[in-house]
Amino acid sequence: MQRKVAPSGTPVHMNDLTHWATNHLSRRDCRSSLIESLQTKFGDSGFYLFNTGRSAMSFLFSCLREQCNEKKRTEIVIPSYTCYSVPSSVIKAGCTVRVCDIDVNTLSYNIEQLRSIDYSNVLALVTANLYGIPNDLHSIESIAKDNGVFLVDDAAQSMGAKIGDRYSGFFGDAGILSLDKGKNITSIQGGILALHSEQLNDIVSRNYSRLNSTDFFSDSKEIIKLLVYALFLRPSLYWIPDSLPFLDLGSTIYTEDYPILKYSNALCGIAASQLRRIDSINRKRSENAQRYISYLSDIDNMRTITIDDMLSPVYLRFPILSLDRQTRELTIKTLNEAGFGATSSYPSAISEIDEIKDRLLLSRDCCLNGDYVADRIITLPTHEYVTPRDILEISNILHKI
């Protein structure tokens, strides 16, 4: 029997499906109960539920533009290496992307460069918190406050991660959480806007009330995807979708063509069920990450990301940096041939996305580290279906390379 470990994902248990089916067949609106659960878990923020994380982000940027009294402030500062959904959300909201470089050791902003930006036309700063590793959020929050700009804490990949006693996604004025199929918990799709600023309450609430919900046809497609996902994420079956090239699994595509809608009530039960066990989900990922750290500590031509003592990552995936692009490609090819889903994550830094190259605000040397990471990064699976033996075999392959 073939076996292939998916590069990312959160297993959907039978209990999740049972909870979902009970709520779905009852035809009651369970979105309010999901919001109550979010408030219980993360604190008394204002939560708004969307069809995707990127629609939540684009909606928020539009609200920030409307709220701001200075119409010249249309720039959104984003990291040089982050998810393509971030610049697409900025541009879809009618704003301009300003790129700031990252620190290759932490994947957070280059704090010195972030401080040096001219903020006269900046509307907001956006964090990244990639792979479940929180950014230097205290410093970033301080810079945003000192310059009078909004801070959007993008925790799409780090739901449940902490900096001290504060959750990622709950710094600044608002945070973004994701329920997409590759995230910490999943309902196949979905996004959450966590609002922390009272001054934004009125405008966000008013604009949100005008949005449409997903329709029956869309909901039906997502339910089918959910059931297929629950079955085929298992290593004994994942090789089947992975072997079909037309599915283009794991590809990163830039697009601004997506609807901004309210979250589907039909998917809500899965998110609610997984939220109840998010701590155990994240604990398993962190245990797997510690195994990688232990096994890979003596490899000279590959290095892990620096984790500050204040951080409690949740390791959506485990990132390492290889010596160069050629070593990265060889490593990913070898691991995948051995049945382990390793990926290069995003194929380029933000400055190299063909569709938006000419629309970015770039200062000198603002993307050197982003380019460096894009050429070298490898992400390894950490989810529940990854066994200690898998991690040992992956580590042995890396040592040989």
Side-chain angles (χ1 to χ4, degrees), residues 8-13 15-16 19 34-50 53 56-57 82-83 106-108 127-138 140-141 152-172 174-196 263 268 270-293 305 307-319 379-386:
S8 64
T10 297
V12 177
H13 291 177
N15 287 344
D16 296 329
H19 187 267
L34 175 58
I35 289 174
E36 290 175 4
S37 297
L38 288 165
Q39 290 172 334
T40 300
K41 173 63 180 175
F42 296 113
D44 196 22
S45 294
F47 291 96
Y48 296 83
L49 308 179
F50 290 79
M57 182 175 282
T82 191
C83 177
T106 65
L107 303 184
S108 182
T127 62
N129 306 299
L130 294 180
Y131 316 120
I133 303 173
N135 289 166
D136 183 359
L137 295 175
H138 288 291
I140 298 169
E141 186 176 55
V152 177
D153 191 11
D154 180 6
Q157 298 188 18
S158 61
M159 187 188 295
K162 280 187 171 182
I163 306 89
D165 60 353
R166 294 176 67 184
Y167 282 106
S168 173
F170 293 82
F171 284 73
I176 301 294
L177 307 174
S178 178
L179 301 170
D180 189 61
K181 58 185 175 295
K183 300 306 190 292
N184 303 83
I185 63 173
T186 185
S187 58
I188 297 302
Q189 69 167 17
I192 301 167
L193 166 58
L195 196 63
H196 322 313
Y263 181 54
C268 204
I270 288 287
S273 179
Q274 294 208 340
L275 182 62
R276 291 187 299 184
R277 58 186 185 89
I278 186 173
D279 290 340
S280 63
I281 291 171
N282 286 337
R283 189 180 307 113
K284 177 66 174 178
R285 293 182 185 276
S286 295
E287 289 171 356
N288 283 336
Q290 291 306 313
R291 291 187 179 96
Y292 282 124
I293 291 170
I305 303 304
I307 306 297
D308 186 89
D309 291 341
M310 288 285 291
L311 303 186
S312 299
V314 293
Y315 290 109
L316 184 69
R317 287 179 275 171
F318 188 79
T379 63
L380 307 174
T382 60
H383 54 78
E384 182 182 319
Y385 287 146
V386 183

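Along the sequence shown, residues are numbered consecutively beginning with 1.
When all heavy atoms are compared, the tightest approach of Leu137 to Ser168 is CD1-CA, 4.3 Å. Taking both residues in full, the closest heavy atoms of Ser45 and His196 are given as OG-ND1, 3.2 Å, listed atom of the first, atom of the second, then distance. Residues Ile185 and Ala271 come closest through the heavy atom pair CD1-O, 4.0 Å. Residues Asp154 and Ala156 share a closest heavy-atom pair of OD1-N, 3.1 Å. Residues Arg285 and Thr10 share a closest heavy-atom pair of NH2-OG1, 2.9 Å. Nearest approach of Ala174 to Leu193, heavy atoms of both residues: CB-CD1, 3.9 Å.
Residues Val314 and Tyr131 form no side-chain contact, since every pair of their non-hydrogen atoms from C-beta on lies 4.5 Å or further apart. Looking at heavy atoms from C-beta onward, Ile293 lies in side-chain contact with Tyr315 at the 4.5 angstrom threshold. Using a 4.5 Å heavy-atom cutoff, the side chains of Ser178 and Asn184 are not in contact.
A salt bridge links Lys41 to Asp279: one of the charged nitrogens lies within less than 4.0 Å of a carboxylate oxygen. At a threshold of 4.0 Å, the pair Glu141-Arg166 counts as salt-bridged, since one of the basic side-chain nitrogens sits closer than that to a carboxylate oxygen.
For the atom pair CG of Asp308 and NE2 of His138, the computed distance is 9.5 Å after rounding to the nearest 0.5 Å. Summarising the geometry, atom OG belonging to Ser8 is positioned 8.0 Å from atom NZ belonging to Lys183; distances are rounded to the nearest 0.5 Å. Here Phe47 contributes atom CZ and Leu38 contributes atom CG; the two are 5.0 Å apart, rounded to the nearest 0.5 Å. Within the model, atoms CZ of Arg317 and CG of Leu380 stand 10.0 Å from one another, a figure rounded to the nearest 0.5 Å. The distance from atom CD1 of Ile176 to atom SG of Cys83, rounded to the nearest 0.5 Å, is 12.0 Å. Atom CG in Asn129 sits 6.5 Å away from atom CD1 in Ile163 (nearest 0.5 Å).
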Trace of the side-chain contact (heavy atoms from CB on, under 4.5 Å) decision for Leu49 with Ile192: CA-CA 5 Å; Leu49 308 179; Ile192 301 167; 3.9 Å; yes

Stepwise side-chain contact (heavy atoms from CB on, under 4.5 Å) check, Leu179 with Met159: CA-CA 9 Å; Leu179 301 170; Met159 187 188 295; 4.2 Å; yes

Worked verdict on Leu275 versus Leu34 for side-chain contact (heavy atoms from CB on, under 4.5 Å): CA-CA 9 Å; Leu275 182 62; Leu34 175 58; 4.1 Å; yes

Verdict with supporting geometry, Asp16 and Ser273, side-chain hydrogen bond (donor to acceptor under 3.5 Å, both in side chains): CA-CA 5 Å; Asp16 296 329; Ser273 179; 2.5 Å; yes

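Panel note: side chain Ser286, backbone Pro313; a donor-acceptor pair is recorded below 3.5 Å. His383 contributes a side-chain N or O that, together with a main-chain N or O of Tyr385, makes up a donor-acceptor pair within less than 3.5 Å. Under a 3.5 Å cut-off, the side chain of Gln274 and the backbone N or O of Pro11 do form a donor-acceptor pair. Distance alone, capped at 3.5 Å, places no donor-acceptor pair between the Asn135 side chain and the Thr127 backbone. No side-chain donor-acceptor contact under 3.5 Å links Asp153 to the backbone of Gly175. Counting only distance, with no hydrogens or angles, the side chain of Ser108 and the backbone of Asp136 share a donor-acceptor pair below 3.5 Å. Put simply, the side chain of Ser187 never gets that close to the backbone of Ile270: no donor and acceptor are under 3.5 Å apart. With hydrogens and angles ignored, the 3.5 Å screen pairs no side-chain donor or acceptor of Ser158 with any backbone N or O of Pro134.
When the shell of 6.0 Å around NZ of Lys284 is examined, it contains more than 12 heavy atoms from other residues, nucleotides or ligands.
Between Phe42 and Tyr167, the angle of the ring planes goes over 60°, which puts this pair in the perpendicular group of the 30/60° scheme.
Checked against a 6.0 Å centroid threshold, the rings of Phe318 and Tyr292 count as neighbours.
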